[in-house]
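As C-alpha coordinates, the structure follows; a few thoughts come after it.
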Amino acid sequence: MKCRKCCQKAIINMRQHRLAMCKEHFLDWVPEQVERFIHKYQMFSRQEQILIAVSGGKDSLALWDILFRLGFESDGLYIGLGIDEGIHYSEKSGQLAEAFANTRKLRLLTVNMRDEYGETIPQIADRTTRGQGKPCSVCGLSKRYIMNRIARQGGYHVLATGHNLDDEVAVLFGNTLNWEVSFMSRQSPVLEANHPGLVRKVKPLFRFSEREVAAYALLRGIDYIYEECPHAVGSKSIFYKEILNRMEEKRPGSKLIFYLSFLKAKENGLFANHAQEQVLSLNTCSSCGQPTTASGECSFCRIMLKQ
Ligand code: SF4
Ligand code: ZN
Ligand code: ZN
(Lines give C-alpha, C1' and ligand atoms only; values in the text may rest on other atoms or scores of the structure.)
(Ligands and ions follow the chains in the order given, each with its own letter.)
Protein backbone atom coordinates (compact mmCIF):
# COMPACT_ATOMS: atom_id res chain seq x y z
CA MET A 1 0.00 0.00 0.00
CA LYS A 2 1.42 3.38 -1.03
CA CYS A 3 0.95 6.86 0.38
CA ARG A 4 -1.55 8.84 -1.71
CA LYS A 5 0.65 11.95 -1.52
CA CYS A 6 4.23 10.74 -2.08
CA CYS A 7 3.97 7.07 -3.17
CA GLN A 8 6.28 5.96 -0.32
CA LYS A 9 5.21 2.99 1.79
CA ALA A 10 1.97 3.80 3.67
CA ILE A 11 1.78 3.14 7.41
CA ILE A 12 -1.97 3.65 7.71
CA ASN A 13 -4.83 2.73 5.45
CA MET A 14 -8.11 4.50 6.21
CA ARG A 15 -10.61 2.39 4.33
CA GLN A 16 -13.53 4.70 5.13
CA HIS A 17 -11.74 7.54 3.31
CA ARG A 18 -10.08 5.27 0.73
CA LEU A 19 -6.87 6.93 1.81
CA ALA A 20 -3.46 5.49 2.69
CA MET A 21 -0.57 7.60 3.95
CA CYS A 22 3.03 7.50 5.07
CA LYS A 23 3.98 8.70 8.55
CA GLU A 24 5.02 12.18 7.47
CA HIS A 25 1.91 12.91 5.43
CA PHE A 26 -0.45 11.39 8.01
CA LEU A 27 1.04 13.62 10.72
CA ASP A 28 0.44 16.66 8.48
CA TRP A 29 -2.98 15.53 7.33
CA VAL A 30 -4.54 15.16 10.81
CA PRO A 31 -3.92 18.76 11.98
CA GLU A 32 -4.95 20.10 8.55
CA GLN A 33 -8.25 18.26 8.83
CA VAL A 34 -8.77 19.41 12.43
CA GLU A 35 -8.30 23.01 11.35
CA ARG A 36 -10.78 22.48 8.51
CA PHE A 37 -13.41 21.06 10.92
CA ILE A 38 -12.85 23.83 13.50
CA HIS A 39 -13.64 26.30 10.74
CA LYS A 40 -16.45 24.33 9.09
CA TYR A 41 -18.36 23.74 12.34
CA GLN A 42 -17.50 27.22 13.71
CA MET A 43 -15.98 25.82 16.88
CA PHE A 44 -13.75 28.75 17.82
CA SER A 45 -11.62 31.52 16.40
CA ARG A 46 -7.95 32.32 16.93
CA GLN A 47 -8.92 35.16 19.25
CA GLU A 48 -10.71 32.88 21.69
CA GLN A 49 -9.20 31.28 24.81
CA ILE A 50 -9.57 27.52 24.83
CA LEU A 51 -9.58 25.18 27.80
CA ILE A 52 -8.94 21.52 26.93
CA ALA A 53 -10.17 18.79 29.25
CA VAL A 54 -7.10 16.59 29.57
CA SER A 55 -7.39 13.07 30.97
CA GLY A 56 -3.87 11.82 30.19
CA GLY A 57 -5.33 9.53 27.48
CA LYS A 58 -4.49 9.54 23.76
CA ASP A 59 -7.46 11.61 22.60
CA SER A 60 -7.11 14.63 24.86
CA LEU A 61 -3.31 14.76 24.56
CA ALA A 62 -3.47 14.37 20.78
CA LEU A 63 -6.00 17.22 20.69
CA TRP A 64 -3.78 19.45 22.82
CA ASP A 65 -0.78 18.64 20.63
CA ILE A 66 -2.74 19.48 17.47
CA LEU A 67 -4.16 22.78 18.75
CA PHE A 68 -0.70 23.76 19.99
CA ARG A 69 0.81 23.00 16.57
CA LEU A 70 -1.96 24.93 14.84
CA GLY A 71 -1.13 27.95 17.03
CA PHE A 72 -4.38 28.13 19.05
CA GLU A 73 -4.13 29.57 22.58
CA SER A 74 -5.05 26.66 24.81
CA ASP A 75 -4.60 25.62 28.42
CA GLY A 76 -5.33 22.17 29.82
CA LEU A 77 -7.53 21.12 32.73
CA TYR A 78 -6.81 17.85 34.51
CA ILE A 79 -9.27 16.53 37.10
CA GLY A 80 -7.74 14.14 39.64
CA LEU A 81 -10.59 11.71 40.24
CA GLY A 82 -8.77 9.63 42.85
CA ILE A 83 -9.32 6.33 41.01
CA ASP A 84 -6.21 4.67 42.32
CA GLU A 85 -7.22 1.19 43.33
CA GLY A 86 -5.38 -1.45 41.26
CA ILE A 87 -3.49 0.20 38.40
CA HIS A 88 -3.18 3.71 39.94
CA TYR A 89 -5.11 5.11 37.01
CA SER A 90 -5.49 8.68 38.31
CA GLU A 91 -1.95 8.94 39.61
CA LYS A 92 -0.43 7.74 36.33
CA SER A 93 -2.71 9.77 34.06
CA GLY A 94 -2.05 12.92 36.11
CA GLN A 95 1.71 12.45 35.79
CA LEU A 96 1.44 11.98 32.02
CA ALA A 97 -0.74 15.08 31.59
CA GLU A 98 1.74 17.09 33.65
CA ALA A 99 4.76 15.76 31.74
CA PHE A 100 3.06 16.61 28.44
CA ALA A 101 2.40 20.19 29.56
CA ASN A 102 5.86 20.70 31.08
CA THR A 103 7.81 19.54 28.03
CA ARG A 104 5.85 21.95 25.80
CA LYS A 105 5.72 24.75 28.39
CA LEU A 106 1.91 24.71 28.33
CA ARG A 107 -0.32 25.67 31.23
CA LEU A 108 -2.12 22.81 32.98
CA LEU A 109 -4.77 23.60 35.60
CA THR A 110 -5.44 20.79 38.05
CA VAL A 111 -8.45 20.12 40.24
CA ASN A 112 -7.89 17.33 42.69
CA MET A 113 -11.16 15.92 44.01
CA ARG A 114 -9.61 14.86 47.30
CA ASP A 115 -7.97 18.25 47.97
CA GLU A 116 -10.80 20.41 46.71
CA TYR A 117 -13.86 18.47 47.83
CA GLY A 118 -12.44 16.19 50.51
CA GLU A 119 -13.46 12.99 48.72
CA THR A 120 -12.44 10.96 45.70
CA ILE A 121 -14.94 9.84 43.05
CA PRO A 122 -15.06 6.24 44.38
CA GLN A 123 -15.71 7.59 47.90
CA ILE A 124 -18.57 9.83 46.73
CA ALA A 125 -19.98 6.95 44.69
CA ASP A 126 -19.89 4.63 47.70
CA ARG A 127 -21.98 6.87 49.90
CA THR A 128 -24.59 8.00 47.35
CA THR A 129 -27.49 6.12 45.81
CA ARG A 130 -26.53 7.47 42.42
CA GLY A 131 -23.10 5.86 42.62
CA GLN A 132 -24.07 2.43 43.88
CA GLY A 133 -22.48 -0.32 41.84
CA LYS A 134 -20.52 1.95 39.47
CA PRO A 135 -19.00 5.39 39.95
CA CYS A 136 -19.47 6.49 36.32
CA SER A 137 -22.65 8.49 36.82
CA VAL A 138 -21.15 10.44 39.75
CA CYS A 139 -17.87 10.80 37.84
CA GLY A 140 -19.53 12.09 34.66
CA LEU A 141 -21.62 14.69 36.42
CA SER A 142 -18.68 15.84 38.58
CA LYS A 143 -16.44 16.25 35.54
CA ARG A 144 -19.08 18.21 33.60
CA TYR A 145 -19.67 20.45 36.62
CA ILE A 146 -15.99 21.13 37.32
CA MET A 147 -15.09 21.68 33.66
CA ASN A 148 -17.82 24.27 33.23
CA ARG A 149 -16.96 25.98 36.54
CA ILE A 150 -13.23 26.25 35.81
CA ALA A 151 -13.81 27.38 32.24
CA ARG A 152 -16.19 30.12 33.39
CA GLN A 153 -14.04 31.26 36.31
CA GLY A 154 -10.93 31.36 34.12
CA GLY A 155 -12.68 33.48 31.47
CA TYR A 156 -12.29 30.82 28.76
CA HIS A 157 -14.56 31.14 25.74
CA VAL A 158 -14.68 27.48 24.93
CA LEU A 159 -14.15 24.06 26.48
CA ALA A 160 -12.72 21.44 24.13
CA THR A 161 -12.82 17.69 24.74
CA GLY A 162 -11.05 14.87 22.91
CA HIS A 163 -14.14 12.80 21.98
CA ASN A 164 -13.50 10.89 18.77
CA LEU A 165 -15.90 9.44 16.19
CA ASP A 166 -16.12 6.07 17.97
CA ASP A 167 -17.12 7.78 21.24
CA GLU A 168 -19.74 9.90 19.53
CA VAL A 169 -21.19 7.07 17.48
CA ALA A 170 -21.41 4.78 20.53
CA VAL A 171 -23.41 7.46 22.39
CA LEU A 172 -25.65 8.04 19.39
CA PHE A 173 -26.17 4.31 18.94
CA GLY A 174 -27.20 3.91 22.60
CA ASN A 175 -29.55 6.89 22.43
CA THR A 176 -31.08 5.61 19.19
CA LEU A 177 -31.68 2.13 20.64
CA ASN A 178 -33.58 3.71 23.52
CA TRP A 179 -35.00 6.50 21.36
CA GLU A 180 -33.72 9.09 23.85
CA VAL A 181 -34.77 12.08 21.78
CA SER A 182 -33.89 14.73 24.34
CA PHE A 183 -30.33 13.38 24.66
CA MET A 184 -30.08 13.19 20.88
CA SER A 185 -31.15 16.81 20.57
CA ARG A 186 -28.18 17.79 22.76
CA GLN A 187 -25.57 15.64 21.02
CA SER A 188 -23.43 17.78 18.77
CA PRO A 189 -19.80 18.59 17.95
CA VAL A 190 -20.56 22.14 19.11
CA LEU A 191 -22.83 22.99 22.04
CA GLU A 192 -23.39 26.70 22.18
CA ALA A 193 -23.43 28.47 25.55
CA ASN A 194 -27.13 29.21 25.24
CA HIS A 195 -27.70 30.02 28.90
CA PRO A 196 -25.89 32.42 31.24
CA GLY A 197 -23.12 30.59 33.09
CA LEU A 198 -22.52 27.99 30.39
CA VAL A 199 -19.40 27.77 28.26
CA ARG A 200 -19.43 26.62 24.61
CA LYS A 201 -18.34 22.98 24.33
CA VAL A 202 -16.63 21.58 21.26
CA LYS A 203 -15.22 18.24 20.06
CA PRO A 204 -12.64 18.97 17.36
CA LEU A 205 -11.70 15.27 16.90
CA PHE A 206 -15.25 14.04 16.36
CA ARG A 207 -14.60 13.03 12.74
CA PHE A 208 -11.54 10.91 13.48
CA SER A 209 -11.83 7.27 14.41
CA GLU A 210 -10.24 5.99 17.60
CA ARG A 211 -7.70 4.13 15.46
CA GLU A 212 -6.69 7.31 13.65
CA VAL A 213 -6.27 9.27 16.89
CA ALA A 214 -4.26 6.42 18.44
CA ALA A 215 -2.06 6.26 15.34
CA TYR A 216 -1.50 10.02 15.51
CA ALA A 217 -0.54 9.90 19.21
CA LEU A 218 1.81 6.95 18.70
CA LEU A 219 3.50 8.32 15.58
CA ARG A 220 3.89 11.71 17.23
CA GLY A 221 5.57 10.02 20.21
CA ILE A 222 3.02 11.28 22.74
CA ASP A 223 3.31 9.46 26.03
CA TYR A 224 -0.25 8.70 27.15
CA ILE A 225 -1.94 6.26 29.50
CA TYR A 226 -2.66 3.02 27.62
CA GLU A 227 -4.87 1.50 30.29
CA GLU A 228 -8.57 2.29 30.39
CA CYS A 229 -10.10 3.46 33.65
CA PRO A 230 -10.81 0.22 35.59
CA HIS A 231 -14.48 1.22 35.84
CA ALA A 232 -14.85 1.27 32.05
CA VAL A 233 -14.62 -2.53 31.95
CA GLY A 234 -17.94 -4.05 30.93
CA SER A 235 -19.51 -0.66 30.16
CA LYS A 236 -22.31 -0.30 27.63
CA SER A 237 -20.21 2.11 25.64
CA ILE A 238 -17.45 -0.50 25.12
CA PHE A 239 -20.06 -3.08 24.15
CA TYR A 240 -21.58 -0.70 21.57
CA LYS A 241 -18.12 0.09 20.21
CA GLU A 242 -17.48 -3.62 19.63
CA ILE A 243 -20.74 -4.00 17.71
CA LEU A 244 -20.04 -0.89 15.67
CA ASN A 245 -16.51 -2.08 14.89
CA ARG A 246 -17.93 -5.30 13.48
CA MET A 247 -20.24 -3.26 11.25
CA GLU A 248 -17.36 -1.01 10.19
CA GLU A 249 -15.24 -4.04 9.33
CA LYS A 250 -17.84 -5.23 6.82
CA ARG A 251 -18.87 -1.80 5.62
CA PRO A 252 -16.09 0.77 6.00
CA GLY A 253 -17.49 4.24 6.52
CA SER A 254 -20.70 3.12 8.29
CA LYS A 255 -19.86 4.95 11.53
CA LEU A 256 -19.11 8.22 9.81
CA ILE A 257 -22.24 8.00 7.65
CA PHE A 258 -24.41 7.19 10.69
CA TYR A 259 -23.08 10.23 12.58
CA LEU A 260 -23.05 12.68 9.68
CA SER A 261 -26.58 11.66 8.64
CA PHE A 262 -27.70 12.29 12.21
CA LEU A 263 -26.16 15.79 12.10
CA LYS A 264 -27.90 16.42 8.79
CA ALA A 265 -31.25 15.34 10.24
CA LYS A 266 -30.70 17.67 13.18
CA GLU A 267 -29.81 20.52 10.87
CA ASN A 268 -33.07 19.86 9.01
CA GLY A 269 -34.97 20.38 12.25
CA LEU A 270 -35.71 16.79 13.32
CA PHE A 271 -35.10 17.62 16.99
CA ALA A 272 -35.92 21.34 16.92
CA ASN A 273 -38.75 21.19 19.48
CA HIS A 274 -36.68 19.25 21.96
CA ALA A 275 -33.68 21.58 21.64
CA GLN A 276 -35.89 24.54 22.43
CA GLU A 277 -37.34 22.82 25.50
CA GLN A 278 -33.83 22.18 26.82
CA VAL A 279 -32.93 25.86 26.65
CA LEU A 280 -36.14 26.96 28.30
CA SER A 281 -35.92 24.44 31.11
CA LEU A 282 -32.49 25.45 32.49
CA ASN A 283 -32.44 26.97 35.98
CA THR A 284 -29.78 28.36 38.28
CA CYS A 285 -28.55 26.26 41.20
CA SER A 286 -29.66 27.82 44.49
CA SER A 287 -26.41 26.78 46.13
CA CYS A 288 -23.57 27.34 43.64
CA GLY A 289 -25.18 29.44 40.90
CA GLN A 290 -24.26 27.12 38.02
CA PRO A 291 -26.91 26.34 35.38
CA THR A 292 -28.88 23.17 36.01
CA THR A 293 -31.89 21.30 34.68
CA ALA A 294 -32.94 20.63 38.30
CA SER A 295 -35.02 23.07 40.32
CA GLY A 296 -33.29 24.11 43.55
CA GLU A 297 -29.83 22.64 43.91
CA CYS A 298 -27.90 21.18 40.96
CA SER A 299 -27.06 17.46 40.97
CA PHE A 300 -23.43 18.09 41.93
CA CYS A 301 -24.35 20.19 44.98
CA ARG A 302 -26.89 17.57 45.96
CA ILE A 303 -24.39 14.69 45.92
CA MET A 304 -21.77 16.80 47.71
CA LEU A 305 -24.09 18.10 50.43
CA LYS A 306 -26.02 14.91 51.17
CA GLN A 307 -24.32 12.50 53.53
FE1 SF4 B 1 -15.15 8.09 35.35
FE2 SF4 B 1 -16.42 5.81 34.68
FE3 SF4 B 1 -14.93 7.11 32.87
FE4 SF4 B 1 -13.78 5.85 34.91
S5 SF4 B 1 -14.96 4.90 33.24
S6 SF4 B 1 -13.27 7.91 34.16
S7 SF4 B 1 -15.27 6.19 36.54
S8 SF4 B 1 -16.80 7.88 33.84
ZN1 ZN C 1 3.64 10.33 1.96
ZN1 ZN D 1 -24.86 23.68 42.47
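Everything numeric here is computed off the predicted structure, so don't read it as measured data. Whatever order the structure lists ligands and atoms in, that order sets their numbers, starting from 1.
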Evaluate E32 against H25 for side chain to side chain donor-acceptor pair (under 3.5 Å), listing each step before the verdict. CA-CA 10 Å; E32 276 164 24; H25 283 118; over 6 Å; no
4.5 Å side-chain heavy-atom contact, M43 and F72: no
Ring centres of F208 and Y216 under 6.0 Å apart? no
Test of understanding: clusters of I, L, V, M, F, W, Y form through side-chain heavy atoms closer than 4.5 Å, transitively. Do F37 and L191 belong to the same one? no
From E168, Q187, H163, residue fulfilling side chain to side chain donor-acceptor pair (under 3.5 Å) relative to K203: E168
Just wondering, do Y145 and S299 contact through their side chains at under 4.5 Å, heavy atoms? no
Side chains of Y78 and S90: does their closest heavy-atom pair fall under 4.5 Å? yes
Near the Zn ion (ligand 3) (under 2.8 Å) - protein N, O or S atoms: C285 SG, C288 SG, C298 SG, C301 SG
For residues F100 and F68, establish whether the separation of their ring centroids is below 6.0 Å. no
For atom 1 (Fe) of ligand 1, protein N, O or S atoms at a distance below 2.8 Å amount to 1
Can you find a pair of side-chain heavy atoms, one from I121 and one from M113, that are under 4.5 Å apart? yes
